[in-house]
Amino acid sequence: MMELHAEFRKNMQELLGNDLPAFLRALDAPPALAMRVNSLRAAAMHAAEEYMDQPVPWAKDAFYLRPGVRPGAAIAHAAGAYYLQEASAMAPAAVLDVQPGERILDLCAAPGGKSGQLAASLKGQGILVCNEPEPGRAKILAGNLERLGVTSAVVTNAYPDAISRAWPGFFDAVLVDAPCSGEGMFRRDPDARGEWTPSAPEGCARRQREILAQAAKLVRPGGRLVYSTCTYNPLENEGSALRFLQEHPDFSPVEFALPGVGASENGMLRLLPHLIRGDGQFIAKFQRSGNFRPSFQAPSRAKLPEADAFLQEILLSTDFLQHLPVQQMGQWIYAVPAELPAAKGVRVVSPGLCLLRAQKNRFEPEHALAMALSPDCARRKAALHPEQARQYLSGEAIPFDGERGWTLVTVSGMPLGWGKSVDGILKNHLPKGLRRSMHDL
């Protein structure tokens, strides 16, 4: 394993004192691999049981992985039963303490683990805006939320200043999991040790200052802001938090505690790998003074398009679709969160849940709609056994004696995508980018 930079060791000696040897031993220990079970899926807990070890103390529905398991290659993963995530990385979303019906922003959201955790807390109610400035990572973020069946999320691809101009003072809570020097990943990603330089923390702290300045504009009076990093450096952690408080006197620290970790001090808490079963993380929580929640008129609900009878039945009978405005962008029909103002100057990757795509004189259902449905919502469905599910995920057609037409494909009570039943065959409509080789399943 690559040696630690001498300057990093010096910094940690100053921070930890006599605890340094225990910390260094922890960095060379295996990482604490974990998963968060997706509570948006009724059957998820049962599907994930074979991979679960002890609960992660500070995160709901989260478990460490049993040794030797490969849940990322499992059918249940494709069905959105869980999200694989390092245990400490689940702490910032837990500290934000999201409640159903709130307006939430995840400002630096990719690849989507924290966004999925926030969506689970919203329980399909409220608004979740998930932003990622890098286009490729924004697409990965959108794909992960789609797999988890999230219905209330908007995915944007913009820098923080564009977001703050579009939605000033709109959000009840904002999460800033800021880009950082990544020291907390030294155990999980040994290559990160070689990429670290003594100048990295200072450069990251400047960037964090800019991001936090924009994040402050987005929090409504009385709202809250959680700032987190996966690094140990005080310049990026306590330094960034204290500077933020100095520059934003309308914000004050909020004390909190995490089970298995401890209580914050001045609204700040560190997770250290020699003290907990997890990697490095820093969390600070602030609240803005005042108490004002701006109201916005919900967009008018457009008429649902005339799809075929089966799709129309799904669109008209699914509970969460009854309260969401419908919007068309190009070929695609979306159900969008109510009461979200126009995203002026912001590139939108996904304005909500993609329902249908217009194809000449017909509409075809989108994969995102399938993944958001409970199997009980679809009168026409194909419940596959595991071997058939592997065939489906590899792109194969499946023998199927069912009613002709669009069919929701499910496994173990969870959705996998769409098929189309024609003459005893279930034609495969899983997007090509999601198909896998049989050897990988």
Side-chain angles (χ1 to χ4, degrees), residues 1 23 25-95 109-121 140-141 143-145 147-150 177 182 184-192 228 230 258-261 271-281 283 371 386 389-390 393 411-414 416 434 436-437 439-441:
M1 186 173 288
F23 169 79
R25 287 194 298 271
L27 287 193
D28 289 333
L33 303 177
M35 63 160 59
R36 184 189 60 81
V37 179
N38 182 14
S39 61
L40 300 177
R41 298 253 188 270
M45 192 66 73
H46 178 72
E49 279 179 343
E50 63 181 294
Y51 309 111
M52 291 161 30
D53 198 355
Q54 297 298 313
V56 175
W58 50 84
K60 186 179 180 182
D61 299 321
F63 300 86
Y64 296 101
L65 299 184
R66 290 180 180 174
V69 297
R70 295 180 61 242
I75 297 168
H77 183 269
Y82 46 80
Y83 187 95
L84 300 175
Q85 189 176 19
E86 194 278 322
S88 294
M90 302 177 191
V95 171
K114 295 176 180 67
S115 291
Q117 193 175 352
L118 298 172
S121 296
I140 293 171
L141 166 65
N144 277 324
L145 293 175
R147 180 176 62 84
L148 295 172
V150 174
D177 186 45
M185 298 177 66
F186 282 0
R187 177 167 68 174
R188 188 168 17 123
D189 181 11
D191 290 342
S228 65
C230 60
L258 285 176
V261 182
L271 283 71
L272 294 162
H274 64 295
L275 300 178
I276 63 161
R277 191 178 173 188
D279 287 346
Q281 195 84 33
I283 306 168
M371 299 307 287
R390 292 186 184 91
L393 291 172
V411 64
S412 302
M414 298 178 292
L416 276 182
L434 299 178
R436 309 188 207 172
S437 164
H439 297 293
D440 296 330
L441 292 165

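The first residue in the sequence is number 1, and the count goes up from there. All values reported here derive from a predicted model rather than from experimental measurement.
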Peer 1: What closest approach, in Å, do Gly116 and Leu145 show between heavy atoms, and which atom pair accounts for it?
Peer 2: N-CD2, 3.9 Å

Peer 1: Show your reasoning for whether side chain to side chain contact (heavy atoms under 4.5 Å, CB included) applies to Arg436 and Arg390.
Peer 2: CA-CA 9 Å; Arg436 309 188 207 172; Arg390 292 186 184 91; over 6 Å; no

Peer 1: I'd like to check the side-chain contact (heavy atoms from CB on, under 4.5 Å) partners of Ala34; sequence neighbours left out, ordered by chain and number.
Peer 2: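 Once residues adjacent in sequence are excluded, the partners of Ala34 under the side-chain contact (heavy atoms from CB on, under 4.5 Å) criterion are Val56, Tyr64, Ala87, Met90.
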
Peer 1: Which pair of heavy atoms, one from Leu258 and one from Ala91, lies closest together, and at what distance?
Peer 2: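 That closest heavy-atom pairing would be CD1-CB, 3.8 Å.
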
Peer 1: Side-chain atoms of residues 75-84: list all donor-acceptor pairs with protein atoms under 3.5 Å, sequence neighbours left out, distances to 0.1 Å.
Peer 2:
unit_1	atom_1	unit_2	atom_2	d
Tyr82	OH	Pro71	O	2.6
Tyr83	OH	Gly113	N	3.3

Peer 1: So, do Met52 and Arg66 sit near enough that their side-chain heavy atoms are less than 4.5 Å apart?
Peer 2: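 No. Closest side-chain heavy atoms not under 4.5 Å.
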
Peer 1: Quick one: are Gln281 and Ile283 in side-chain contact, heavy atoms under 4.5 Å?
Peer 2: yes

Peer 1: Check Lys114 against Pro92 and note the closest heavy-atom contact, atom names and distance.
Peer 2: CE-CG, 4.0 Å

Peer 1: Measure the OG-CZ distance between Ser412 and Arg41 for me, rounded to the nearest 0.5 Å.
Peer 2: 12.0 Å

Peer 1: Are side-chain heavy atoms of Met414 and Leu416 found at a separation under 4.5 Å?
Peer 2: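 The answer is no, as the side chains (C-beta and beyond) never meet within the 4.5 Å cut-off.
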
Peer 1: Looking at Asn38 and Leu148, what are the two nearest heavy atoms and their distance?
Peer 2: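 Residues Asn38 and Leu148, closest heavy atoms: ND2-O, 2.8 Å.
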
Peer 1: About how many Å separate CD of Glu86 and SG of Cys230, when rounded to the nearest 0.5 Å?
Peer 2: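 The distance works out to 9.0 Å.
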
Peer 1: Any donor-acceptor pair under 3.5 Å linking the side-chain atoms of Ser88 with those of Asp279?
Peer 2: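 Ser88 and Asp279 do not have a side-chain donor-acceptor pair below 3.5 Å.
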
Peer 1: I need the minimum non-hydrogen distance between Arg277 and Trp58, along with the two atoms involved.
Peer 2: O-CH2, 3.8 Å

Peer 1: Could you tell me which residues satisfy salt bridge (charged side-chain N to carboxylate O under 4.0 Å, His left out) with Arg147, sequence neighbours excluded, listed by chain and number?
Peer 2: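 Not a single residue meets the salt bridge (charged side-chain N to carboxylate O under 4.0 Å, His left out) criterion with Arg147.
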
Peer 1: Using a 6.0 Å cut-off, check whether atom NE2 of His274 has over 12 heavy atoms from anything other than its own residue.
Peer 2: yes

Peer 1: At their closest point, which heavy atom of Phe63 faces which heavy atom of Asp53, and how far apart are they?
Peer 2: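 That would be CD2-O, 3.8 Å.
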
Peer 1: For the pair Arg36 (side chain) and Ala62 (backbone), establish whether a donor and an acceptor sit closer than 3.5 Å, ignoring hydrogens and angles.
Peer 2: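 The answer is no, because no donor-acceptor pair under 3.5 Å joins these two groups.
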
Peer 1: Does the pair Asp28 and Arg187 meet the rule for a side chain to side chain contact (heavy atoms under 4.5 Å, CB included), with working shown?
Peer 2: CA-CA 6 Å; Asp28 289 333; Arg187 177 167 68 174; over 6 Å; no

